[in-house]
There are 2 protein chains.
Amino acid sequence: MATIKDVAELAGVSIATVSRVVKGNGNVSPKTAAKVTSAIKQLNYHPNALARQLKHQCTNNIIIIIPDISNTFFHEILHGIEETAERNDMHILIADMHNKTSIEEYYLRALMQKEVDGIISFSANVAQQLLKQAANDFPLVIACQYLDNIDIPSITIDNVAAAKEICNHLIASGKKNIAHLTALPNFLLYQDRLDGYTASLRENGLDFRAGLIRYCSPNIKSGYEQTLSLLDSGIYFDSIFAAGDTMAIGAIRALKERGISIPDECAVAGFDDIEMSSLIDPPLTTIRQPKYQIGCDAMNMLISLIRGSHIAKRNIVAEHQLVIRQSSCSVN
Amino acid sequence: MATIKDVAELAGVSIATVSRVVKGNGNVSPKTAAKVTSAIKQLNYHPNALARQLKHQCTNNIIIIIPDISNTFFHEILHGIEETAERNDMHILIADMHNKTSIEEYYLRALMQKEVDGIISFSANVAQQLLKQAANDFPLVIACQYLDNIDIPSITIDNVAAAKEICNHLIASGKKNIAHLTALPNFLLYQDRLDGYTASLRENGLDFRAGLIRYCSPNIKSGYEQTLSLLDSGIYFDSIFAAGDTMAIGAIRALKERGISIPDECAVAGFDDIEMSSLIDPPLTTIRQPKYQIGCDAMNMLISLIRGSHIAKRNIVAEHQLVIRQSSCSVN
DNA sequence: AAACAAAATGTAAACGTTTACAAAAAAGAA
DNA sequence: TTCTTTTTTGTAAACGTTTACATTTTGTTT
């Protein structure tokens, strides 16, 4: 590997001059520039990024921590992030946790070690102590994750209110026995949605029945399996609220397979409004999150943090929207 | 930001000693270690990763370049990559090109500047010169992309043979008018699949008709639209071979919407065997790529390149498999 | 041709680590 | 106690850049 020194030697100039040529803007005479350029070509020289970053104390790289990249929910958010990043000359890299918290921890450490300029995390699944410490001294934004009263820059919708709203809708449609598919509550947001569900029942004078709650992994297969198991359990229900569209899609598959009519015999509602939800049969009633906008806002927030500029709001609550489709209402 | 110097000063030792304590293995007396540890805590010191990497000349980070992260085809491959990486203490980061070649170029440059230890790219959509140069001196593996006779470590299936095989299957099922949905041929692999299609026609004595070829973006929506446009064109066809499952799924949606029975009036075949393909109605006939294995192999290859060990095969051809489902055969 | 200003180049000190090597301190053996 | 050996510590030179400052070269003005 040729270094700047080799180039300087070959071109017969000082390393400072080489650096100026590489950077482009420095005052260097055309003759010298030509000599240097030729030496660079000849040696196939590439400036070392680490040395440069060390000197500049910044990398222009930022990392997005995603719990599971195959969850399509994140894709549109990523668009928003990517486009905002590009406008600001930042480069984003995605760390797929694959639901392993060790990965989140690793990159939070990388942030504190200045290996990257900032992080947007869609997980918050490590020791609160670590999160707090990272957010305190470094640019970190938590998105789509509720945090129990620690002050970290964040953006999220109001999951409790949204879940309540969609359950109220089911109840208003005449359903009184709502089953709930949720995911393991290591993510607080599933806890929030469960809270919204119970709040809705309570406010409508319905009983909470533990037998109607099923824990899934947040994917189609698991939603499918848990719905079958629910059907086999013999417990009566006339609707399903799944805390994620993937689980809801699995539920629809199971119901159809058993010949149960949707929504008449059993209505289904999801959460997130992923792309597939409007395409399946029947189209899925769900909560739409302003995904693209969340991405943009999260990135803008992070950039402000990196630049040290003032942040108007450290905790943004984005607007959600109830999207009613045929899975919950015959007449639309 | 506290540096190693600050810690050394506070603890009253040399920076070498601090370094030894941080690293963990060095010979340092318990008393000194305690002093240093306390100073580290007190100053909230985190070693600078860039300085460390500069010294070590390696980062343990490798980048995966993906054309479009929302293409589920890549997700299972990523599993293979991630698990192999973890076993080897490497950390992977995903660069989503979002189909912009500028991003691929940027990270190839990052590789040459030693910002990362290696790259696996699922794109090859920049100047061949750049690719060649990068692969020549740095650890780079191209996966799932055919490269026109340049010698770069790679792994791929035989796209021509696979496409031929699936078209032969359609023809053997009695279809004689196969439409083809393909994607813009900036990716050579689509060219390959088209070649397989034409080869199959030729070998079976059927005419190639340009009107049966439609160019899509490789996603559901575009497959849907192009199929509708094909139907509206009035050109007769009795089957569709889509060069990707997402396009095929769009095609199925369009056919169903128009009340055309699958596979009797029109058979459909895809390519890739993504998760959704076995779940839709009717299940999709397709070519399965050994995705997980491709991920493992690509990563292992890259690790060998990084370690400088000998590589048995620089160009791996993975085995594909024709998966026949109901979208092409009523009786299965 | 001398005096000056402007442009081009070089020198050397950073950036924050790691690590050979040297030196000092502690422990063990005689 | 004195001499070795072992353990612990420190010194200083890397790693490959950038950049303030000093110096030299070039060009302009008189």
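Values below: all heavy atoms of this structure, side chains included; hydrogens, waters and symmetry mates excluded. Chain naming here is simple, since letters A, B, ... match the order of the sequence lines and numbering starts at 1 in each.
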**Prompt:** What are the two closest non-hydrogen atoms of A:Ile306 and A:Ile62, and how far apart are they?
**Reply:** CD1-CG2, 4.1 Å
**Prompt:** Nearest nucleotide by nearest heavy atom, which residue falls closer to the 5' end of DNA chain D, A:Val18 or A:Lys31?
**Reply:** A:Val18
**Request:** Return the value, rounded to whole Å, for the distance between atom NZ of A:Lys35 and atom P of C:dG10.
**Result:** 8 Å
**Message:** Heavy-atom nearest nucleotide on DNA chain C for B:Leu50 versus A:Ser29: which residue maps closer to 5'?
**Reply:** A:Ser29
**Message:** For a quick test of reading the model: is some side-chain N or O of B:Lys23 closer than 4.0 Å to OP1 or OP2 of C:dT19?
**Reply:** yes
**Prompt:** Base, sugar-phosphate, or nothing for A:Asn27, non-hydrogen atoms under 4.0 angstrom?
**Reply:** base
**Of A:Gln57 and A:Val13, the one whose closest DNA chain C nucleotide lies more 5'** = A:Val13
**Prompt:** Any side-chain heavy atom of A:Tyr292 within less than 4.5 Å of one from A:Glu83?
**Reply:** yes
**Asked** Quick one: is C:dC15 close enough that its OP1 or OP2 comes under 4.0 Å of any side-chain N or O from B:Thr3?
**Response** no
**Contact under 4.0 Å: B:His56 side-chain N or O vs C:dT19 OP1/OP2** = yes
**Asked** Quick one: A:Met112 CE to C:dG16 C1', roughly how many Å, whole number?
**Response** 18 Å
**Complete:** What one should report as the nearest heavy-atom pair of B:Val141 and B:Ser154 is CG1-CA, 4.5 Å
**Asked** Which whole-number value in Å describes the distance from B:Glu9 CD to D:dT11 P?
**Response** 13 Å
**Distance, rounded to the nearest Å, where A:Arg20 contributes CZ and C:dT9 contributes C1'** = 6 Å
**Request:** Mind running side-chain contact (heavy atoms from CB on, under 4.5 Å) on A:Tyr45 and A:Ile4 for me, showing each step along the way?
**Result:** CA-CA 8 Å; A:Tyr45 165 74; A:Ile4 199 170; 3.7 Å; yes
**Message:** Output the rounded distance in Å from NZ (A:Lys114) to C1' (C:dT17).
**Reply:** 15 Å
**Asked** Do the side-chain N or O atoms of B:Ser19 get closer than 4.0 angstrom to the phosphate oxygens (OP1, OP2) of C:dT18?
**Response** yes
**Nearest-neighbour nucleotide for the A:Ile4 side chain, D:dT18, C:dT18, D:dG10 considered** = D:dT18
**Prompt:** Under the 3.5 Å rule, do the base of D:dT18 and the side chain of A:Lys55 count as making a donor-acceptor pair?
**Reply:** yes
**Prompt:** So does B:Thr32 get a side-chain nitrogen or oxygen closer than 4.0 Å to the phosphate oxygens (OP1/OP2) of D:dT9?
**Reply:** yes
**Fill in**
Between CD of A:Glu115 and C1' of C:dT17 the distance, given in whole Å, is 14 Å
**Asked** In whole angstroms, how far is the P atom of D:dC15 from the CG atom of B:Leu54?
**Response** 9 Å
**Asked** If you measure only the distance, is there a donor-acceptor pair under 3.5 Å linking the side chains of A:Asn44 and B:Gln133?
**Response** yes
**Prompt:** Which atom pair, heavy atoms only, marks the closest approach of A:Ile40 to A:Val22?
**Reply:** CD1-CG2, 3.9 Å
**Item:** Interatomic distance where NZ belongs to A:Lys5 and C1' belongs to D:dA14 [whole Å]
**Value:** 9 Å
**Message:** What's A:Gln53 touching, base or sugar-phosphate or nothing? Going by heavy atoms closer than 4.0 Å.
**Reply:** nothing
**Message:** Is B:Thr17 close enough to D:dT8 that one of its side-chain N or O atoms is under 4.0 Å from OP1 or OP2 there?
**Reply:** no
